[in-house]
Amino acid sequence: MTEAESLQRAIHEDVALCPYDLQWPTRFMAERTRLLSMFPTQFLGVEHIGSTAIPGMAAKPIIDILGGVE
């Protein structure tokens, strides 16, 4: 698939919201731990962002992560 095809697919993709999942914070913490173990000195911080980070909020079931670097 080309970049243009991938972009068009993403633009026209259906958006499905899910009820809040109590496992989202746990999944974030597992990924945060994994990232920090792979890059122990590179990150200044790793934060859970987006709608899955807001308790009780419906969201697309994708954990958004922001890694801060110098």
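Quick note: numbers below take in every heavy atom, side chains included, and nothing from hydrogens, waters or symmetry partners.
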Name all pairs fulfilling the ring pair (Phe, Tyr, Trp, His ring centres under 6.0 Å) condition that reach into residues 51-70, sequence neighbours left out, sorted by first residue then second. none
When you look at CD of Q8, are more than 12 heavy atoms from neighbouring residues, nucleotides or ligands closer to it than 6.0 Å? yes
Would you please test R27 and D21 for side-chain contact (heavy atoms from CB on, under 4.5 Å) and show each step? CA-CA 10 Å; R27 290 180 183 152; D21 186 333; 3.7 Å; yes
Which ILVMFWY residues are connected to F43, directly or by a chain of links, through side-chain heavy atoms under 4.5 Å apart? Y20, L22, W24, F28, M29, L35, L36, M38, F39, V46, I63, I65, V69
Has E3 got more than 12 heavy atoms of other residues, nucleotides or ligands less than 6.0 Å from its CD? no
Minimal heavy-atom distance between E5 and T2, with the atoms involved, is OE1-N, 2.8 Å
Looking at every heavy atom in both L44 and E70, which two are closest together, and how far apart are they? CD1-N, 3.8 Å
For D64, what residues pass the salt bridge (Lys or Arg N to Asp or Glu O under 4.0 Å) criterion, not counting sequence neighbours? none
Could you tell me which non-hydrogen atom of M57 sits nearest to which non-hydrogen atom of S51, and how far apart they are? SD-CB, 3.8 Å
